[in-house]
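Data block below; observations after.
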Amino acid sequence: MSRPVVTRFAPSPTGMLHIGGVRTALFCWLFAKKHGGTFILRVEDTDLTRSTDDNIRIIEEGMAWCGLLWDEGPVVGDPAQWVGPHGPYRQMQRMDSHYKPAIQSLLDEGKAYRCRCTKEELDERRAAADKAGKIFQYDRRCREAGHDDTQPAAIRLKMPVGPEPWLEQGDIVLRDLIKGELRFPATSLDDWIIARTAAAGEKVGTPTYNFCVVVDDTDMAVSHVIRGDDHVANTPKQIALYHAMGYETPAFAHVPMILGKDGAKLSKRHGATSITEYQQMGFLPSAVRLALARLSWTPKIDGRAIDTAAEELLTDVQMIELFDLGDIQKSPARFDMDKLNWMNQKLIQRATWQEIEPHFRPFLPEAWGGKSDDWKAKAIQCTQKGKSLVEMAGFLDFVWAAPTAFDEAAAAKFLTGAVKPALADLCVLTDYSHDGLEAGFNAILEAHSLKLKDLAQALRVALCGKPVSPPIFDTLMLLGRDEVVARISKWL
RNA sequence: GGGGCCAUCGUCUAGGGGUUAGGACACCGCCCUUUCACGGCGGCAGCACGGGUUCAAAUCCCGUUGGCCCUACCA
């Protein structure tokens, strides 16, 4: 129990980075940070047919974008390199160095055996059992057969068939940090395959997922296995393997799944599922972290659950401080886009323009780069009412090009003969500071007996083509005098 | 089919024998306002069902129903 805290996120690079995975990674990260521990990224790429380097890169970049930086793991974009003392961190690179020796010693110690039953035979027996309404379990017929390595064989682990000191009343007990105590009768598990049938010429085939996980988690000194709920059923198998190999078992915490709006497992048909899509939709990484963390997790402040809107908006520092696996829900949660939007908006409001700028930039035209800091600060300030970076960028569309189309109804309503003389007067103004504009406006309004509202709306239509824009003085400042005069002139 | 997990407003949740069942998002209304927004105030809305136990059940027990996960020589 005094082991240093080490957590790991171990995705398979078989597609995009799913936000469910990101949330699991986030919990691992929060837990590690909270306890001053280590967070590892390990790539489980043993599924040769689906794993690709591109997918590995997508995972690495998604994690990095989300701010979930790993202390140990691969170096982004360079398969040959890694950071940390337990590498490599891609499973395919650990085959000969780690898995095969481990399997061999299990074989040597008589804790695993060669099974010559073929997949086809097994499928047949399974189908027959199904048909007869029976539960299929491998009958261990090769267990004592003493097959040598002269013929192709898969390798199975000998699961306990009698009493073992680590069983509790015949059960494999999993004391899950989230789910509580879970019991699995040892007899309900059969001798599972730890290595596939070897190709011709090989003595040991490729190891299976459940085997690699245990070897790697032990080798990498993982103290807390925090992973998705879908792995609960694998855990008793893995616990048996820990004991067979003489390893200390880590602590386990299985986090609930994320479901879609309709309660089905979150999938593409519910909308965006990959982290990259959330990036493209204009969410701040901090908002994604918050929304994901708050799904299934209710932070407690001094033992009291957070209780106000203000308390909902936790910073990373607060999340790390407050994080406790015991405060995670057991039941699955439905993903709520509305809440993400709200959090995004609030975090955008709270951020300084410098904090927003690097995330905002990708949504803006190149001309943005040529603007001064003062101008950028003003522009961002004018858009901080937006719900997303995309929406914010939309608020600035009027800056980059003069309108090509005008809202005719609005033009008819606001660009009246009565205001046009005032517009002409406006072209004379040269002081584009806030105070200068205010003074200039007041004089013009008085001279023409107009209300600010009348002039502001007319100006919006003339300048932006529609009656919607940032506060009118800000709109003028962002455009600059030359552009304002040019755009007004068309209406005089 | 078998095994496991779960069940409080539409959603995320607090509460875990006696509460007017609390909060947040969404939604609705009002106010503010130079547009759109922001903001402020208020409102609507919930213990899946059926049996127990108890003076008392959202809370404990059993059952039902429903949902999710697992049930591969995938991960």
Side-chain angles (χ1 to χ4, degrees), chain A residues 10-14 44-47 49-51 91 115 117-119 122-123 126 129-130 133-137 152-156 174 176 179-180 182-185 188-189 192-198 205-210 212-213 228-236 254 256-257 259 261-265 291 294-298 300 304-313 329-343 345 349 382-387 391 395 410 414 441 451-457 459-461 464 466-473 475:
Chain A
S12 299
T14 55
E44 312 219 320
D45 58 348
T46 56
D47 185 340
T49 59
R50 294 191 295 163
S51 300
Q91 288 187 326
C115 169
C117 302
T118 65
K119 183 156 183 1
L122 259 11
D123 286 344
R126 199 186 328 271
D130 276 356
K134 289 180 186 163
I135 305 156
F136 176 77
Q137 238 188 325
I155 295 166
R156 290 182 186 266
L174 161 59
D176 194 277
K179 304 254 172 203
L182 269 26
R183 291 178 160 265
F184 305 85
S188 69
L189 299 163
W192 54 282
I193 291 174
I194 59 175
R196 301 177 184 89
T197 303
T206 56
T208 57
Y209 163 77
N210 282 117
C212 297
V213 167
D229 222 346
D230 48 339
H231 289 290
V232 170
N234 287 325
T235 311
H254 289 93
M257 304 272 91
L259 309 178
K261 199 96 190 163
D262 61 356
K265 188 174 180 176
R294 290 290 285 102
L295 215 53
S296 300
W297 174 47
T298 304
K300 303 274 172 69
R304 192 201 87 240
I306 60 174
D307 201 36
T308 63
E311 285 177 346
E312 288 279 348
L313 301 168
Q329 211 70 17
K330 291 181 185 176
S331 50
R334 302 182 191 209
F335 183 69
D336 185 2
M337 189 61 106
D338 288 331
K339 204 138 190 173
L340 207 209
N341 276 315
W342 176 75
M343 287 170 168
Q345 182 173 44
Q349 281 173 13
C382 285
T383 62
Q384 279 180 279
K385 59 185 178 178
K387 280 188 169 62
E391 191 181 354
F395 292 151
F414 299 116
F441 266 63
K451 289 179 188 167
L452 177 57
K453 190 171 187 170
D454 304 322
L455 190 52
Q457 288 306 84
L459 263 175
R460 286 194 168 94
V461 177
C464 310
K466 58 188 184 190
V468 176
S469 85
I472 197 64
F473 297 156
T475 303

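Each chain gets a letter, A, B and so on, in the order the sequences are listed, and its residues count up from 1.
- Listed by chain and residue number, A/T298, A/K300 satisfy the side-chain contact (heavy atoms from CB on, under 4.5 Å) test with A/A305 (two or more places apart in sequence, or in another chain).
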Quick tally for nucleotides 17-34 of chain B: nucleotides whose base has a protein heavy atom under 4.0 Å get B, sugar-phosphate-only ones S, the rest -, giving ------SBSS-------B

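- Applying the side-chain contact (heavy atoms from CB on, under 4.5 Å) test between A/S296 and each of A/P332, A/S331, A/P256 identifies A/P256 as the sole match.
- A gap of 25 Å separates the P atoms of B/C44 and B/A37, to the nearest Å.
- Counting only heavy atoms from C-beta on, A/V468 has its side chain closest to B/C36 among B/C36, B/C69, B/U13.
- A/W342 is linked by a ring pair (Phe, Tyr, Trp, His ring centres under 6.0 Å) to nothing, counting only residues two or more places apart in sequence or in another chain.
- Rounded to whole Å, the separation between the P atoms of B/C61 and B/G16 comes to 15 Å.
- Atom NZ in A/K385 sits about 8 Å away from atom C1' in B/C38, given to the nearest Å.
- A/T206 comes within 4.0 angstrom of nothing in the nucleic acid, heavy atoms only.
- Atom CD in A/E311 sits roughly 14 Å away from atom C1' in B/U13 (whole-Å rounding).
- At the heavy-atom level, A/G133 lies nowhere under 4.0 Å from the strands shown.
- Atom pair A/W297:CH2 and B/U11:P shows a separation of 23 Å (rounding to whole Å applied).
- In this entry the distance linking CD of A/Q137 with C1' of B/A72 reads 15 Å, nearest Å.
- Remark: side-chain polar atoms of A/D176 are paired, donor with acceptor, to backbone N or O of A/H254 under 3.5 angstrom.
- Regarding A/D130, its CG atom lies at a distance of 13 Å from the C1' atom of B/A72, rounded to whole Å.
- Judged purely by atom type and a 3.5 angstrom limit, A/K261 has no side-chain atom pairing as donor or acceptor with the backbone of A/R334.
- Residue A/K466 qualifies as open at atom NZ: its count of foreign heavy atoms under 6.0 Å is 12 or below.
- Nucleotide B/C70 holds its P atom 12 Å from the CG atom of A/N210, rounded to whole Å.
- Counting non-hydrogen atoms under 4.0 angstrom, A/Q349 reaches the backbone sugars and phosphates but no base.
- The shortest distance between the side-chain N/O atoms of A/K300 and the OP1/OP2 oxygens of B/G15 is below 4.0 Å.
- Take A/R294 and apply the side-chain hydrogen bond (donor to acceptor under 3.5 Å, both in side chains) test, not counting sequence neighbours, and it matches A/E312.
- Atom C1' of B/A7 sits at a distance of 13 Å from the matching atom of B/G46, rounded to the whole Å.
- Within the 4.0 angstrom heavy-atom criterion, no nucleotide atom of any strand lies near A/T49.
- Rounded to a whole angstrom, the distance from the C1' atom of B/G10 to that of B/A45 is 9 Å.
- Heavy atoms of A/R304 sit nowhere under 4.0 angstrom from any nucleic acid atom.
- Summarising the geometry, the separation between CH2 on A/W192 and C1' on B/U71 is reported as 15 Å, rounded to the nearest angstrom.
- Evaluation of the side-chain contact (heavy atoms from CB on, under 4.5 Å) rule for A/D123 yields A/K119, A/R126 as partners, not counting sequence neighbours.
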Restricting to nitrogen or oxygen on both sides, can you table the protein-nucleotides 3-6 of chain B pairs closer than 3.5 Å?
from	atom 1	to	atom 2	distance (Å)
B/C5	O2'	A/K179	NZ	3.3
B/C6	OP1	A/K330	NZ	3.3

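- No contact: A/H254 has no heavy atom under 4.0 Å from any strand.
- Set against B/C68, B/C36, B/U11, the side chain of A/R334 has B/U11 as its closest nucleotide.
- Residue A/C117 is in base contact, counting any heavy-atom pair closer than 4.0 Å across all strands shown.
- Not counting sequence neighbours, A/F395 has no partner by the ring pair (Phe, Tyr, Trp, His ring centres under 6.0 Å) test.
- Backbone-only engagement by A/A305 is indicated by non-hydrogen atom pairs under 4.0 Å involving sugar-phosphate atoms exclusively.
- Between B/G22 and B/C27, the distance separating the two P atoms is 22 Å to the nearest Å.
- Comparing B/C49 with B/A57, their P atoms are spaced 15 Å from each other, to the whole Å.
- In this structure, the nucleotide among B/C73, B/C68, B/U13 sitting nearest to the side chain of A/K119 is B/C73.
- Applying the side-chain hydrogen bond (donor to acceptor under 3.5 Å, both in side chains) test to A/T206 and every residue at least two apart in sequence or in another chain returns A/R196.
- For B/G18 and B/G63, the C1' atoms lie 27 Å apart once the distance is rounded to whole Å.
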Which atoms of nucleotides 61-66 of chain B (N or O only) lie under 3.5 Å from a protein N or O atom, and what are those distances?
none

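- Residues meeting the side-chain hydrogen bond (donor to acceptor under 3.5 Å, both in side chains) test with A/T208, sequence neighbours left out: none.
- With C1' as the reference atom, B/G17 and B/U54 are 9 Å apart, rounded to whole Å.
- Using a 4.0 Å heavy-atom cutoff across all strands shown, A/D454 reaches no nucleic acid atom at all.
- A/E311 pairs by the side-chain hydrogen bond (donor to acceptor under 3.5 Å, both in side chains) definition with A/R304, not counting sequence neighbours.
- Judged as a side-chain contact (heavy atoms from CB on, under 4.5 Å), and not counting sequence neighbours, the contacts of A/L452 are A/F441, A/L445.
- Among the atoms of the strands shown, only primed sugar atoms or phosphate atoms (P, OP1, OP2) are found under 4.0 Å from some heavy atom of A/Q329.
- Base contact: A/T197 has a heavy atom under 4.0 Å from a base atom.
- Taking each heavy atom of A/C212 and A/T46 in turn, the nearest pair found is SG-CG2, 4.5 Å.
- A/K134 comes within 4.0 angstrom of nothing in the nucleic acid, heavy atoms only.
- Remark: C1' of B/C12 and CE of A/M337 are 15 Å apart, rounded to the nearest angstrom.
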